Amino acid sequence: MSVLAEFPSAAHLTPSADGDSQLLEVSMGPQHPSTHGVFRMDVVLDGETVVKLKPIFGYLHRNHEKIAEDETYLGSMPYTDRLDYFCSLTNNWAYALAVETLAGVQVPERAQYLRVITAELTRLQNHASLVGFLMQDMGASGTPLMYAFREREKILDLFEALTGARMMCNYMRFGGCRVDLPAGWLEEAKQVVAAFPRFLDEYETLLVGNEIIMARTQGVGVLSKELAINAGITGPVLRACGVNYDLRKVDKYGIYDRFNFRIPLGDHGDVYDRYMIRMLEMRESIKILEQAMRDLPEGPFTDPKTKVRNFRPKPGEAYGRIEAPKGELGFYLISDGTPNPYRYRVRPPSLINLTVLEDMCLGRNVADVVIILGSIDIVMGEVDR
């Protein structure tokens, strides 16, 4: 067994309940490459079959929420970059939205469009990377992942030109964005978006009908609609179960009610559906981007009335949430009128979606566990905070 070869000292035998066989307890991680970060799974096996699985996390805990209570509101913005380090700009937006709700701050039209553009570019590079990693988890060579990373690099180049950083962008501000678009940025972004469907066409030709992928993913890691709802699952994992729930449609935050796009849904809630939902969502993000870049208005990119450096919201509480690439990302804030939050709490989709991992893995084999975990799309910075 490959897992035992990796961790020969991390496994031991215990009698099964019926006494006729022995159960093997295996610790997968915390440094196993398939665990997508510093994450561990304690797996109990009957032969190759999973009979129990316990996620173990906390290795990357950085005390984000408590630190934020001693920081100014603006001082916490760079910390949000480090939650889901693939999706810095959507992290920024969720936090900015919470503070704006708390303080009643208005966001100019141009800034609203800039937020949508950067958020949907973030969704494209996140989903492309997820599919590449999932193929690698299934044993594919590095080709699918490198194809995905080739497209991701083009988007990160745009982020760097706009914000000065490729991953830790620190771009959003209360009442708008930190800087306006540099000269030529919009034209370059349009070229990247226009070329993206060709990449998706090639990727689907390579992967969607692949017999090995279908055999490894269809009927594997099934999550029922009822359990997904009861567990608070959100994002592509929920929609793969057939639940039509997307905060861009439900809350219509920002200006998403102005765009024409649909919400792809799955039928079975298995790994294949979770993979296909990401592929389909990328095509919808392209539709949104084309509309947003076409209609981008002139005007201020931030609210000049909002003084972010001496920011003191009136006492109160607020919850701001967005449809991040991995699901509902929310920030709950309580203000006592001082320059820093009295309470600061993150609702991380990676952690919530991880809670049903055991339910999806029971009865499957070890190789299935690896791809089921990959299909959830977790980032440990967000799980542990």
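What you see is a predicted model; the values in this text were computed from it and never measured. Counting from 1, the numbers follow the sequence of the chain as shown.
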Could you tell me if Arg150 sits above the aromatic ring of Tyr147, with its cationic atom closer than 6.0 Å to the ring centre and no more than 45 degrees from the axis?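 Positive - Arg150 is close enough to the ring of Tyr147 and near enough to its axis.
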
Rounded to the nearest 0.5 Å, how far does [atom2] of [Y] lie from [atom1] of [X]?
X: Ile376; Y: Leu357; atom1: CD1; atom2: CG; answer: 4.5 Å
X: Thr122; Y: Phe86; atom1: OG1; atom2: CZ; answer: 12.0 Å
X: Ile155; Y: Thr118; atom1: CD1; atom2: OG1; answer: 11.5 Å
X: Asp303; Y: Glu100; atom1: CG; atom2: CD; answer: 9.0 Å

Treating [X] as the side-chain partner and [Y] as the backbone partner, does any N or O pair qualify as donor plus acceptor under 3.5 Å?
X: Arg278; Y: Arg274; value: yes
X: Arg385; Y: Glu65; value: no
X: Asn91; Y: Asp84; value: yes
X: Ser76; Y: Tyr79; value: no
X: Arg110; Y: Pro108; value: no
X: Tyr272; Y: Arg216; value: no
X: Asn340; Y: Glu69; value: yes
X: Glu151; Y: Ala128; value: no
X: Lys249; Y: Phe261; value: yes
X: Arg115; Y: Met172; value: no

Between Glu153 and Arg166 (salt bridge meaning N to carboxylate O under 4.0 Å), is one present in this structure?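 So Glu153 pairs with Arg166 through a salt bridge.
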
Would you call Arg248-Glu120 a salt bridge at under 4.0 Å N-O?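 Glu120 and Arg248: salt-bridged.
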
Check whether more than 12 heavy atoms from other residues, nucleotides or ligands sit under 6.0 Å from atom [atom1] of [X], and answer yes or no.
X: Tyr319; atom1: OH; answer: yes
X: Arg198; atom1: CZ; answer: no
X: Ile212; atom1: CD1; answer: no

Show the numbers, then the answer: is there a side-chain contact (heavy atoms from CB on, under 4.5 Å) between Val43 and Val51? CA-CA 8 Å; Val43 187; Val51 296; over 6 Å; no

Min side-chain heavy-atom separation [X]-[Y] under 4.5 Å:
X: Met135; Y: Tyr275; answer: yes
X: Arg82; Y: His64; answer: no
X: Asp270; Y: Gln218; answer: yes
X: Phe199; Y: Lys154; answer: no
X: Leu354; Y: Leu373; answer: yes
X: Val220; Y: Ile372; answer: yes
X: Arg283; Y: Leu200; answer: yes
X: Leu60; Y: Phe57; answer: no

Aromatic ring proximity, centroids under 6.0 angstrom, Phe174 and Phe311: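 Between Phe174 and Phe311, which both carry aromatic rings, the centre distance is below 6.0 Å.
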
Donor + acceptor pair across side chains of [X], [Y] (<3.5 Å):
X: Asn126; Y: Lys326; result: yes
X: Arg312; Y: Thr338; result: no
X: Thr234; Y: Glu328; result: no

Quick check: closest heavy atoms across [X] and [Y], and the distance to 0.1 Å?
X: Ala231; Y: Val356; value: CB-CG1, 3.6 Å
X: Leu53; Y: Val369; value: CD1-CG1, 3.9 Å
X: Leu207; Y: Ile213; value: O-CD1, 3.5 Å

Let me see the working for Tyr85 and Met168 under side-chain contact (heavy atoms from CB on, under 4.5 Å), right down to the final yes or no. CA-CA 7 Å; Tyr85 35 79; Met168 307 303 167; 3.6 Å; yes

side-chain contact (heavy atoms from CB on, under 4.5 Å) between Val105 and Val99, worked out: CA-CA 8 Å; Val105 173; Val99 176; 6.0 Å; no

What is the ring orientation for Tyr344 with Tyr95, classed by angle as parallel under 30°, tilted 30 to 60°, or perpendicular over 60°?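 Geometry flag for Tyr95 against Tyr344: tilted rings.
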
For Phe39 and Val379, run side-chain contact (heavy atoms from CB on, under 4.5 Å): C-alpha distance rounded to whole Å, both residues' side-chain angles, the deciding distance at 0.1 Å, then the answer. CA-CA 10 Å; Phe39 170 68; Val379 163; over 6 Å; no

Salt bridge (Lys or Arg N to Asp or Glu O under 4.0 Å), paired with Asp246, selected from Arg239, Lys252, Arg262: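 Considering Arg239, Lys252, Arg262, a salt bridge (Lys or Arg N to Asp or Glu O under 4.0 Å) with Asp246 is found only for Arg239.
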
